[in-house]
Undergrad: 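What follows is a single structure, and I will ask about it in a moment.
All chains are named by letter (A, B, ...) in the order of the sequence lines, taking the proteins before the strands, and each is independently numbered beginning at 1.
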Number of protein chains: 2
Amino acid sequence: MTELARPAYLRLADALRAEILSGERAPGSRMPSIAALQREYGVSEQPVRQALRVLTSEGLVEGRPGSGTYVLERPTPRRMGRGRYGAVGSPYAAEVRQQGAEPSWSFDSERTHATVGLANRLGVAVSDPLMQTRYLFRADDIPVQLSTSWEPMSVVGGTPVVLPENGPLGGVGVVERMAAIGILVTRVVEDVSARPALQTEARALGLPVGCTMLTIERTHWADGLAVETADIVMSADRYRLAYEIDVSPPRK
Amino acid sequence: MTELARPAYLRLADALRAEILSGERAPGSRMPSIAALQREYGVSEQPVRQALRVLTSEGLVEGRPGSGTYVLERPTPRRMGRGRYGAVGSPYAAEVRQQGAEPSWSFDSERTHATVGLANRLGVAVSDPLMQTRYLFRADDIPVQLSTSWEPMSVVGGTPVVLPENGPLGGVGVVERMAAIGILVTRVVEDVSARPALQTEARALGLPVGCTMLTIERTHWADGLAVETADIVMSADRYRLAYEIDVSPPRK
DNA sequence: TCGAATTTGTGCGTATGTATC
DNA sequence: GGATACATACGCACAAATTCG
């Protein structure tokens, strides 16, 4: 009875995936019900369920209890320009405005102490004092990005910019703020990775739990001195990060 | 009867995940068998299987038929340096060697025609002829990265470098190859995003289906002319992308 | 070498809960 | 309220791989 190599649920998943990717099944449209797929493909319920589970884990469809299984929209993600720092003002605001949306954000600063990981990233000792600021960024009032930033008190303590979002230099970028206290940021390093969304993140951004998130560990450097580091997280479905890299000509 | 909040299989998955992440269950060690987990947690077979499936899709464990389910080693993700182009030779090989591993790859070139998406990326007309090359990259003979590259025949057709991996210039980077036919690559743009792994990718790279993959759409530019574009995909669990960005000083 | 026990992967049929319409 | 649909759960059967006496 059992067919050749590939199990039934994989063959069904392949068939349905092809239909979705080819556009034959449009985003937003309802898939046939499980019962209908059983009849249509001549397999029993469990293989159908498992095939749909595969497509769900691939982010192609979503089951809504009581309603049906739907092909997901894959919104063309917005390009979030990175790889260009040094503009005046908030890099986030500039990026969002360029996309024709209105940026806004809320924040919350407090003093903390360096964990092992943060100490490594900032080149300070464990439990050294830091200023931590949590951000929730919005575009057109919709939450789109979370970020937590840390700056060593040894750098910003006692200066007018110790609270990133206060005073005349609130709401501008790290580069400009540091320049105001005589620190010249020369380099930004961004470590990009991705992982499923945590529950708190999903709630804060109005996303389904477990959807794919892009994560950025960003550090601002003034020559050899790390002056700021941040964890940034946003939905991979909604954003792509655009890095523009100049090429140094090959030496002959 | 049934617990209110979370289904049994999720609670079991949470419990086992916590044990794994805390180190209580060491990498390489065997998990209790399905039958043992049933007894231990007082649930029936299906929830146990589903919990293990969840952990498998998270890349934490691996089932070996006839033997058991084993906790996987979780390699600390390697930093894959990006944001620096122009070095001589293959950028991939240089990066892997720097991490102390031995790079290798296989490939397969064929002529195709531009789809709508590729035509946009390369600035050519739909169905214009392209040279397509699929790559499977390995580090120490372990598959780690997939990539498909396209170059317009209007750029490389009739030149010695039309087949990227043939001739004296096989195995070097795009920048160097293009230089050999008088084209000066000035800029590389990388669009980074992430999504769950497709089945074919998971099979090719020996990863669980649905695990998180980093995707890069990379385009090489010679001033206004796109000379190459590629889709690159790798496991987000194993890699992080390091972009180094020079800051242009703010103007006063 | 052989065979029995164990273990996972796969597949089937069914029952119950709950959300949607 | 009733019909439909998906999510979870139970119990069972078989195949293939592994382990071990």
Undergrad: Which of these nucleotides, D:dC6, D:dA9, D:dA13, is closest to any side-chain atom of A:Thr69?
TA: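 Selected nucleotide: D:dC6.
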Undergrad: Quickly work out the A:Leu52 CG to D:dT8 P distance and round it to whole Å.
TA: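 Nearest whole value for this atom pair: 13 Å.
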Undergrad: Heavy atoms only, 4.0 Å cut-off, all strands: where does B:Ala8 land among base, sugar-phosphate and nothing?
TA: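 The residue B:Ala8 makes sugar-phosphate contact but no base contact.
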Undergrad: When you measure from the side chain of B:Ser33, which nucleotide among C:dT8, C:dA19, C:dG9 comes out closest?
TA: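 Within the option list, the nearest is C:dT8.
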Undergrad: Measure OH/B:Tyr70 against P/C:dG9 and give the value in whole Å, please.
TA: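 After rounding, the reported distance stands at 12 Å.
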Undergrad: Could you tell me whether the side chain of A:Gln50 has a donor or acceptor atom within less than 3.5 Å of a complementary atom in the base of C:dG11?
TA: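 Side chain to base: no pair below 3.5 Å.
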Undergrad: So what does B:Ile34 touch, heavy atoms closer than 4.0 Å: a base, only the sugar-phosphate, or nothing?
TA: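 Sugar-phosphate, backbone atoms only, no base.
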Undergrad: Which of these nucleotides, C:dT8, C:dG13, D:dA5, is closest to any side-chain atom of A:Gln46?
TA: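 The answer is C:dG13, which lies nearest to the side chain.
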Undergrad: Starting from C1' on C:dT6, measure out to CE on B:Met31 and report it in whole angstrom.
TA: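 Taking atom C1' of C:dT6 as the reference, CE of B:Met31 is at 17 Å.
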Undergrad: If the cut-off is 4.0 Å, is A:Ser44 near the phosphate of C:dC12, judged by side-chain N/O to OP1 or OP2?
TA: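 For A:Ser44, the contact criterion (side-chain N or O under 4.0 Å from OP1 or OP2 of C:dC12) is met.
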Undergrad: Which word best sums up how the rings of B:Trp105 and B:Phe137 line up, parallel for under 30°, tilted for 30 to 60°, or perpendicular for over 60°?
TA: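 Ring orientation, 0 to 90° scale: tilted.
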Undergrad: Just the rounded figure in Å: distance from P of D:dT4 to CZ of A:Arg39.
TA: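 After rounding, the gap between these two atoms is 11 Å.
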Undergrad: Is there a donor on the side chain of B:Glu62 or the base of C:dT8 sitting less than 3.5 Å from an acceptor on the other?
TA: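 There is none.
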Undergrad: What integer distance in Å separates B:Arg11:CZ from D:dA7:C1'?
TA: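 So the two atoms are 15 Å apart, to the nearest Å.
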Undergrad: Rounding to an integer number of Å, can you tell me how far A:Glu45 CD sits from D:dC12 P?
TA: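 A:Glu45 atom CD is separated from D:dC12 atom P by 19 Å.
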Undergrad: Identify whether the distance between the nearest side-chain nitrogen and carboxylate oxygen of A:Glu228 and A:Arg218 falls below 4.0 Å.
TA: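 Judged by the 4.0 Å cut-off on N to carboxylate O distance, A:Glu228 and A:Arg218 do form a salt bridge.
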Undergrad: Could you state the CG-P distance from A:Leu10 to C:dG11, rounded to the nearest angstrom?
TA: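 Interatomic distance, CG of A:Leu10 to P of C:dG11: 7 Å.
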Undergrad: Using side-chain heavy atoms (C-beta onward) and a distance below 4.5 Å, is B:Glu151 in contact with B:Gln132?
TA: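 Answer no - side chains too far apart.
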Undergrad: Please state whether the phosphate of D:dT8, meaning OP1 or OP2, lies under 4.0 angstrom from any side-chain nitrogen or oxygen of B:Tyr9.
TA: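 Yes, within the criterion.
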Undergrad: Tell me what B:Arg64 touches on the nucleic acid: a base, only sugar-phosphate, or nothing, going by heavy atoms under 4.0 Å.
TA: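 Sugar-phosphate, no base atom in range.
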Undergrad: Where each residue is assigned the nucleotide of DNA chain C containing its nearest heavy atom, which of A:Ser67 and B:Pro32 is assigned the position nearer the 5′ end?
TA: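 It is B:Pro32, whose closest nucleotide lies nearer the 5' terminus.
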Undergrad: Are A:Glu217 and B:Arg240 close enough for a salt bridge, meaning some N to O gap below 4.0 Å?
TA: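 A salt bridge is present here (some side-chain N lies under 4.0 Å from a carboxylate O).
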Undergrad: Measure CZ/A:Arg30 against P/D:dT4 and give the value in whole Å, please.
TA: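 Atom CZ in A:Arg30 sits about 12 Å away from atom P in D:dT4.
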Undergrad: May I ask you to decide whether A:Asp14 forms a salt bridge with A:Arg11, counting only side-chain N to carboxylate O separations under 4.0 Å?
TA: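 A:Arg11 and A:Asp14: not salt-bridged.
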